[in-house]
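So you know, we letter chains A, B, ... as the sequences are listed, proteins then strands, and number each from 1.
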Amino acid sequence: MITLSSYLMISLALFLSGLVVMISRKNIIAILLGIELILNAAALNFVAYTRFVNDNIEGHIMSLFIIVIAAAEAAVGLGIVIRFFQMRESIHIDDAAQLQS
Amino acid sequence: MNSTIVSYLSQFEGHKKFISILSEALGFDATYLVAFLVFFLASFIVVNVMALVGGLGTYAERKISADIQMRQGPNRVGPYGLLQFLADGVKMITKEDIIPRNADKLLFTIAPLMALVGVFGSLAVVPFSSGFILTDLNVGVFYLIGVSSLVGVAIFLGGYSSNSKWSMLGGMRGASQIISYEVPVTLSILAIVILAGGLSFSTLVEAQGGMPHQWYILHNPFTFIGFFVFFIGALAETNRAPFDLPEAESELVSGYHTEYTGMRFGFFALAEYIEVFVVCGVAAAAFLGGYKVPFDLGTGDLLVNTLHLPPIIGRNIGQILQVGSFVTKTLVLYYIVIWIRWTFPRLRVDHLMTLCWKYLTPIALFNLVGCAVWLYAFDGQSVWELLSHLGGASSGGH
Amino acid sequence: MFDNILFILSASLTVVGAFSVVLTKNLMHSCVYLLAALFGTAGLYATLGADFLAATQLVVYVGGVVILMLFAVMLTGGDQDKENKFGITKVPSMGNFKTFLAGGVSALVIALVVLRLIANVAKQNPQGELPEFTSSVVAIGTKLVTDHVLAFEISSVLLLGALVGAAVIARPAKRGE
């Protein structure tokens with residue numbers, strides 16, 4: 001049957017996929033994909049706990065803010081990626097080794 | 001609260017009797033099975049009718065364009081050329097299905113399907129009548145906005161995966177246009193949501209009345225402007241002229257579906273025509289009173305009381321009238337969309353972005369604030385109610 | 001029964017999507033698989049009774065974030081040169097065996113720790129029937145403008161900052177700079 005731990009397992013799978021993507025990829029956009037997966041795992045955990053453990057909606061609010069922050073992060077992150085590409089003609093993470101252009 | 005087609009049917013005696021008979025025959029509680037079957041049947045009907053509407057949309061487009069340009073239009077297949085869309089469908093199915101050699105096969109295959117999924121998914125919350133709505137989600141407006149943006153992803157992927165410069169440019173234009181125009185469209189629906197006080201479509205429609213002065217378009221000046229902002233934005237979101245830049249024939253051959261052949265192209269075309277219907281339906285539901293029929297004919301009480309019909313028949317006649325009202329409003333808007341397409345020239349791409357970000361979005365924001373202030377100041381009354389109060393007060397003073 | 005079917009469908013969509021993001025070698029494909037995973041997550045929210053959250057997930061991710069990602073992939077193109085400007089061989093941008101090994105090992109370690117925690121949770125809450133479904137829209141709206149109004153306002157400021165910041169950062173360089 002559906003229990004809290006089944007949701008936690010799915011969230012764990014999401015988190016681990018995001019982690020592997022973040023560590024193994026060297027492309028900045030792919031790393032951002034991994035971050036999105038990890039944020040989703042966290043939001044799913046919040047909603048699952050608020051549903052099964054304490055039946056209020058505080059977790060929904062938390063997940064709502066996580067989604068807001070994820071959207072803001074994606075916008076700024078991709079803006080940085082595009083600017084970086086204009087300067088270095090590359091989106092390889094190892095090319096981002098200088099603080100100054 | 002969550003009215004669906006099943007909850008409408010379950011108020012009749014025959015439905016309960018059918019469930020009890022089926023439960024005895026099968027040996028378990030058949031309520032869920034019947035609900036599933038009813039949903040399946042209703043979705044089947046809606047999807048097929050919508051595919052028919054999409055097909056007839058191509059016919060209507062050609063016929064109306066011919067009318068505007070003083071031509072005949074299709075008139076060979078069937079009476080008045082009505083079966084032309086069937087002939088086109090057969091032609092598309094029998095054509096060779098070509099995938100370009102350097103195309104991204106996976107994305108090329110799933111892009112047309114994604115467009116269809118997005119459009120058919122949005123049909124789930126379109127309110128055809130107070131009883132015939134597949135599911136009345138209490139976040140219906142939000143859901144519809146989310147699901148219909150799948151079409152944008154599909155257009156983008158279709159343009160990217162074709163590995164052709166024209167497709168690429170078309171796909172990019174399509175995606176940027178769709179995510180830009182989502183902003184004014186959502187804001188102008190939000191103004192209505194504030195007035196109605198709910199996100200589900202039935203709340204939006206039930207807050208309006210049958211007569212035109214009870215519709216939200218004539219509720220106050222802000223919603224009047226909001227309707228036109230919504231309509232212009234919806235035209236752009238469905239890639240209809242004068243905003244059909246993703247498929248601009250004069251510049252991009254045929255845009256994001258240049259490389260598509262056969263039924264894959266047919267899926268894109270079908271998705272576009274059905275999306276126009278859905279968007280017109282949303283405009284009708286949110287601004288033009290949706291399925292409401294004048295004089296409360298929709299509930300059937302008047303028929304029952306005056307003609308002494310049995311309540312079931314009265315209610316069903318009311319439902320049919322409601323569907324008729326909704327479909328009539330939607331089709332009038334559909335006609336206007338086609339009319340606009342064949343009378344206005346296409347915008348340039350920078351004009352398109354200027355229109356969205358410098359004009360429509362500020363106007364929509366202004367409308368949103370205006371509606372909120374109106375709700376606070378006048379307690380949600382429409383202009384006509386205020387005027388009648390004014391008249392009543394002055395006549396009372398005499 | 002319907003809940004179970006919906007749960008299994010969305011869970012498999014989520015997990016398969018997430019694993020495909022890891023396994024595919026094509027950045028565009030991994031964006032599409034991410035879309036599938038996010039869609040599945042929206043379905044999971046729906047099974048948890050978070051209807052507003054599910055719709056928000058659809059609007060924000062499908063309509064916004066994934067299209068932005070696809071745009072960024074398209075604008076930056078397929079960058080596949082093997083050496084950097086100093087002549088040192090680069091790791092391929094979608095990773096090679098070594099990086100995947102590093103990622104896999106760290107994932108394994110974290111998985112062991114988290115599984116231990118989940119085992120505790122499962123021991124404490126063996127059962128877990130889903131409570132009756134209620135709409136969450138009104139409750140969320142009330143909470144947002146009463147208890148959490150400060151966070152709400154701060155997040156609106158954050159979004160404004162992100163909007164301006166992204167526009168300033170991504171603006172093309174001026175001529176003669």
Side-chain angles (χ1 to χ4, degrees), chain A residues 1-10 12-27 29-30 32-33 36-37 40 44 47-48 51-53 55 57-58 60-61 63-65 67-72 74-76 78-83 85-86 89-92 94-95, chain C residues 4 7 11 14-15 18-19 21-22 27 30 34 37-38 41 44-45 48-50 53 56-57 60 64-65 68-69 72-73 75-76 79 84 90-91 93-95 99-100 102-104 106-107 110-111 114 118 121-122 125 128 130-131 136 139-140 143 148 151 155 158-159 162 165-166 169-170:
Chain A
M1 273 297 95
I2 307 171
T3 59
L4 176 57
S5 26
S6 48
Y7 283 99
L8 294 184
M9 293 303 283
I10 293 167
L12 176 65
L14 272 177
F15 179 79
L16 292 181
S17 319
L19 192 77
V20 175
V21 168
M22 272 178 73
I23 293 180
S24 59
R25 302 279 202 242
K26 291 292 175 185
N27 187 321
I29 297 174
L32 283 174
L33 292 187
E36 294 297 332
L37 281 177
N40 261 280
L44 185 60
V47 181
R51 181 69 164 162
F52 284 101
V53 177
D55 197 15
I57 53 156
E58 297 288 330
H60 292 195
I61 309 247
S63 304
L64 213 55
F65 284 125
I67 291 176
V68 167
I69 288 168
V76 177
L78 293 173
I80 292 174
V81 169
I82 288 171
R83 192 81 182 106
F85 181 74
Q86 285 169 356
E89 310 245 308
S90 153
I91 47 170
H92 200 278
D94 289 348
D95 286 339
Chain C
N4 286 352
F7 175 78
T14 310
V15 173
F19 285 162
V21 174
V22 180
L27 189 52
S30 75
L34 178 78
L38 298 173
T41 316
L44 288 175
Y45 287 152
L48 283 167
L53 213 53
T56 313
Q57 174 98 357
V60 171
V65 171
L68 271 185
M69 296 267 178
V73 175
L75 287 176
T76 51
D79 154 53
N84 66 6
K90 284 198 289 198
V91 179
S93 71
M94 291 308 277
T99 59
F100 270 100
S106 43
I110 290 180
V114 177
I118 292 179
V121 171
N125 286 321
L130 285 170
S136 65
I140 284 182
K143 282 263 179 190
H148 301 273
S155 67
L158 172 84
L159 280 178
I169 290 170

Check each atom of C:F7 against the heavy atoms of chain A and say whether the ones under 4.5 Å are side chain, backbone, both or neither. side chain
Counting heavy-atom pairs under 4.5 angstrom with chain A, the leader among C:L159, C:T56, C:L44 is C:L44
C:A11 versus A:I10, closest heavy-atom pair with distance: CB-CD1, 3.4 Å
The reported gap from CG in A:L64 to NZ in C:K143 (rounded to nearest 0.5 angstrom) is 13.5 Å
Identify which of C:V65, C:L34, C:L53, C:L158 forms the greatest number of heavy-atom pairs closer than 4.5 Å to chain A. C:L53
Minimum-distance pair of heavy atoms, taken over all atoms of C:A107 and A:L16: O-CD2, 3.4 Å
Options A:I80, A:L33, A:L14, ranked by heavy-atom pairs under 4.5 Å with chain C, top entry: A:L33
Region of A:L32 that comes under 4.5 Å of a non-hydrogen atom in chain C: both
With a 4.5 angstrom heavy-atom cut-off, is it the side chain or the backbone of A:L78 that approaches chain C, or both, or neither? side chain
Closest heavy-atom contact between A:S24 and C:T99? O-OG1, 3.1 Å
Residues forming a ring pair (Phe, Tyr, Trp, His ring centres under 6.0 Å) with C:F19, sequence neighbours excluded: none
C:L68 versus chain A, the contacting section by heavy-atom distance below 4.5 Å: both
Atom pair CG/CG of A:N27 and C:L27 - distance to nearest 0.5 Å: 5.0 Å
Over all heavy atoms of both residues, which pair between A:V20 and C:G103 is shortest? Give the atoms and the distance, please. CG2-O, 3.8 Å
Check: A:R25 side chain, C:V22 main-chain N or O, donor-acceptor pair, under 3.5 Å: yes
Contacting region of A:I61 [heavy-atom separation from chain C under 4.5 Å]: side chain
I need the A:L44 CG to C:T14 OG1 distance, nearest 0.5 Å. 7.5 Å
Which atoms of C:A151 come close to chain A, meaning under 4.5 Å heavy atom to heavy atom: side chain ones, backbone ones, both, or neither? both
Closest non-hydrogen atoms of C:A18 and A:L37, given as atom of the first, atom of the second and distance, are CB-CD2, 4.5 Å
Does the side chain of C:V15 reach to within under 4.5 Å of the side chain of A:M9, using non-hydrogen atoms? no
Side chain, backbone, both or neither: which part of C:V21 has a non-hydrogen atom closer than 4.5 Å to chain A? both
Take A:F15 and C:I110 through the test side-chain contact (heavy atoms from CB on, under 4.5 Å) and record every step on the way to the result. CA-CA 10 Å; A:F15 179 79; C:I110 290 180; 3.7 Å; yes
Turns out that what part of A:I57 lies under 4.5 Å from chain C's heavy atoms comes down to side chain
Between A:L12, A:I69, A:L8, A:N40, the one whose heavy-atom pairs under 4.5 Å with chain C are most numerous: A:N40
Answer with side chain, backbone, both or neither: which region of A:L19 has an atom nearer than 4.5 Å to a non-hydrogen atom of chain C? side chain
